[in-house]
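Notes for the one structure printed next.
Within every chain, numbering begins at 1; the chains are lettered A, B, ... in the order of the sequence lines, protein sequences first and strands thereafter. Just so we're clear, the structure is a prediction, and the values are computed from it rather than from any experiment. Heavy-atom basis, side chains included; hydrogens, waters and symmetry copies ignored.
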Amino acid sequence: MRSDKSPLEHACLASAERLGTFDARELAAAAEVGYETATTWIRRWRRSGQIEELGKGPAGTQRYRLIGIEPTGVTNTRRIAATPQGNMWRTIRKLRHGFKPTDIAAQSCTPDAPVSQADATAYCQMLTRADYLRVVRKAQPGVREAVYRLARDTGPKPPRERRLRVVWDDNEGRITHLPGGEA
Amino acid sequence: MADGQRLYNSVAPLRNVAALIALINRVKDRAYGLPGMACFYGFSGYGKSTAAIYATNRFDAVLVQCKSAWTKKNLCSAILTELGLPTKGNTADMVDRVSAALALRAMPLIIDEADHLVARRMIEIVRDIYEGSQVPVILIGEELLPQKLNEWERVHGRMLDWVAAQPSDMSDLQHLAPIYAPGVTIDAPLAAELLRRSHGSTRRVCVNLAQVHERAMIAGKSRMGLSDFDAGGFFTGVAPTPRRTVGGAA
């Protein structure tokens, strides 16, 4: 096992600390890593004695706990690397008046996390689809951009699109299982 | 996510943004023993809040925008929320947790509309947070903020520097034009008139540039001069003059 921790292991470990007790699927969802990655780290931590098994939980999966570390119940104290979405979401939350994607791009584009006009437009559209933003003035293609306003501020972490494997039931026409959430 | 023109489409080169970035760098890199608070002040509309948002993104800082009705607890709750921490406990507990989290993450704290802190006599709590964390704390407020802070000796004495925001000038307009009026060349006389009517306000320069761009797109022009745009349509922020008659009476 490597002595230094990779960024991926850092992310997994911080999530494990935050969760307190966890199974592989919860860890994968919390750390935003693949299931295989989460199980790999759990296997290595078990081998090195960093975690202990707690037995099977209600879902029938093996649960674990970090040894010697109390769950903090708070987000990890390490700084999260700057991301374009992080910058854009921060800017959106702080712009109290209506804004256009141009405003978001101009104020979010930093050397560490460059943001283009197209990125800002796509992000605003995604947030509008998810009801985080509402359109104050519709765009007129080629003439002017849409004006948005924040409708739902859920906190400092940026909402983002994720791909999930779900169970879809054609009989009922709905998702019957959503990992980490309710169907 | 990057393209070639990306970094030129940022507000970073604006005078006030550059001034705030330089100020935060100065406070971050201060010599041992020097105070770690600073003040960025100026008239409304000069782009202080824009600069604060950009600086927050640049330095991964914590930015809170104070409101007039806030109490000490509201301020601590707002900072904790920005840090992603639960807002529980009394004010003293919150101050300790804010200080610890800021110190651990080495995140600068930027407080916009800091005038409200002085008006509500809450400024001492910011000093407590600074003392507990020793991270750069930047107070942003209106033109008279430095004078108001004079009253609080213990806060005043911890200021490393005071930087005044400047009105927008032609260099700012030239940086903003490609962002808010892309693909449109604005002739010098129109640019000068736009700047004059914006009264040094960055916000109005942006709005007026967007208006020129919209007019150019509607007219299908790639170059705009004084004759192409009714300068009376610029957003000046000036209140309308009183009417001599009301209701259409002659």
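- Looking only at atom types and distance, the side chain of B/Asn57 has a donor-acceptor partner in the side chain of A/Thr91 under 3.5 Å away.
- Looking only at side-chain heavy atoms (C-beta outward), B/Thr50 and A/Gln107 come within less than 4.5 Å of each other.
- Salt bridge A/Arg90/B/Asp60: present, at least one basic N to carboxylate O contact under 4.0 Å.
- With values rounded to the nearest 0.5 angstrom, B/Arg58 atom CZ is found 7.5 Å from A/Asp112 atom CG.
- Here CG of B/Leu176 is found 11.5 Å from OG1 of A/Thr102. Values are rounded to the nearest 0.5 Å.
- Looking at heavy atoms from C-beta onward, A/Arg93 lies in side-chain contact with B/Glu82 at the 4.5 angstrom threshold.
- Proximity of B/Gln65 to A/Lys94: side-chain heavy atoms (C-beta onward) are separated by under 4.5 Å at one or more points.
- Contacts with chain A were tallied for B/Ile218, B/Thr56, B/Asp112; B/Thr56 has the most, counting heavy-atom pairs under 4.5 Å.
- Other residues, nucleotides and ligands contribute more than 12 heavy atoms inside 6.0 Å of the CZ atom of A/Arg152.
- Under the side-chain contact (heavy atoms from CB on, under 4.5 Å) rule, B/Ser10 has a single partner from A/Ser108, A/Pro111, A/Cys109, A/Pro114, which is A/Cys109.
- The greatest number of non-hydrogen atom pairs below 4.5 Å with chain B, out of A/Gly155, A/Ala105, A/Ala106, A/Gly86, is found for A/Ala106.
- Nearest heavy-atom pair across B/Tyr180 and A/Asp103 is OH-OD1, 2.5 Å.
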